[in-house]
Amino acid sequence: MTEKQTAMTEAVYYILLSLKTPNHGYGVIQHTLELTEGRLELGAGTLYGAVNTLLDRGWIQLYSEDKHSRKKKQYLITAQGEAALEKEIQRLEELLKNGRNILNKEKSEKGGKI
């Protein structure tokens, strides 16, 4: 049996993806917008609340900080964060597989009409 992990919020998922390379808050917001084609726009409160939680969990770390600008803190995902992200991707793949299996089964039972 695999170890259980609580599902990530969509915001946390995209923050972790955005921190595969060093990035700052505004860069994370822009990267998330790009990845989701504008569907998900992270608010500053959501972003920085999640960043603090991710720092506490050890999933990200402070990469660099410009003491002259509050916008210049850069963060980077840790090995622990990458492991959590990989588990989440596996969980999402399972969701998709199960959903497709059920829908395809229903579709074939109804003669291809859903």
Side-chain angles (χ1 to χ4, degrees):
M1 183 179 224
T2 60
E3 183 181 328
K4 290 184 181 180
Q5 175 178 315
T6 304
M8 284 181 191
T9 65
E10 190 174 15
V12 166
Y13 180 80
Y14 280 107
I15 291 167
L16 290 174
L17 285 178
S18 297
L19 296 177
K20 286 291 291 171
T21 58
N23 210 343
H24 50 80
Y26 182 74
V28 169
I29 291 170
Q30 293 304 307
H31 191 239
T32 299
L33 279 168
E34 180 183 317
L35 288 173
T36 64
E37 298 178 352
R39 181 185 57 77
L40 179 63
E41 183 172 2
L42 298 175
T46 299
L47 174 68
Y48 291 107
V51 163
N52 288 329
T53 298
L54 294 171
L55 285 167
D56 289 344
R57 287 184 182 169
W59 290 6
I60 64 171
Q61 64 188 10
L62 184 63
Y63 179 78
S64 69
E65 182 176 9
D66 180 350
K67 299 287 185 185
H68 303 290
S69 171
R70 65 182 181 88
K71 294 182 180 181
K72 293 299 180 181
K73 281 186 181 179
Q74 289 191 317
Y75 301 94
L76 184 64
I77 193 170
T78 63
Q80 189 177 352
E82 286 192 25
L85 187 57
E86 183 59 42
K87 284 181 184 178
E88 179 66 1
I89 289 168
Q90 290 171 1
R91 187 188 74 80
L92 293 170
E93 287 173 340
E94 178 186 325
L95 284 173
L96 289 171
K97 179 187 80 168
N98 290 335
R100 287 184 176 126
N101 286 343
I102 295 295
L103 289 177
N104 288 335
K105 180 180 177 186
E106 287 178 5
K107 187 183 275 188
S108 66
E109 288 173 357
K110 294 180 181 181
K113 296 178 185 175
I114 280 199

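Distance check, rounded to the nearest 0.5 Å: CD1 of Ile77 to CD1 of Ile15 gives 11.0 Å. How far NE2 of His24 is from CD of Gln30: 9.0 Å, rounded to the nearest 0.5 Å. Atom-to-atom distance recorded for Thr78:OG1 and Tyr63:OH is 14.5 Å, nearest 0.5 angstrom. We find the CG-OH distance between Leu62 and Tyr75 to be 6.0 Å, quoted to the nearest 0.5 Å. In this structure, OG1 in Thr32 is found 4.5 Å from CG in Leu42, a value given to the nearest 0.5 Å. To the nearest 0.5 Å, the span separating CD on Glu41 from CG on Leu47 amounts to 11.5 Å.
Hydrophobic cluster membership differs between Leu76 and Met8, with clusters built from Ile, Leu, Val, Met, Phe, Trp and Tyr side chains linked at under 4.5 angstrom.
Residues meeting the side-chain contact (heavy atoms from CB on, under 4.5 Å) test with Leu95, sequence neighbours left out: Arg91, Leu92.
Proximity of a side-chain donor or acceptor of Asn52 to a complementary backbone N or O of Tyr48 within less than 3.5 Å is detected.
Contact annotation: the side chain of Arg39 approaches that of Glu10 to within less than 4.5 Å [non-hydrogen atoms, C-beta and beyond]. Under the 4.5 Å side-chain criterion, counting only non-hydrogen atoms from C-beta, Glu88 is not in contact with Val12.
Here the shortest heavy-atom pairing between Arg57 and Gln80 reads O-NE2, 3.3 Å. Considering all non-hydrogen atoms of both residues, His31 and Ser18 come closest at ND1-OG, 2.8 Å.
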Next on the checklist: Test side-chain contact (heavy atoms from CB on, under 4.5 Å) on Tyr14 and Val28; report intermediate values, then the result.
Outcome noted: CA-CA 8 Å; Tyr14 280 107; Val28 169; over 6 Å; no
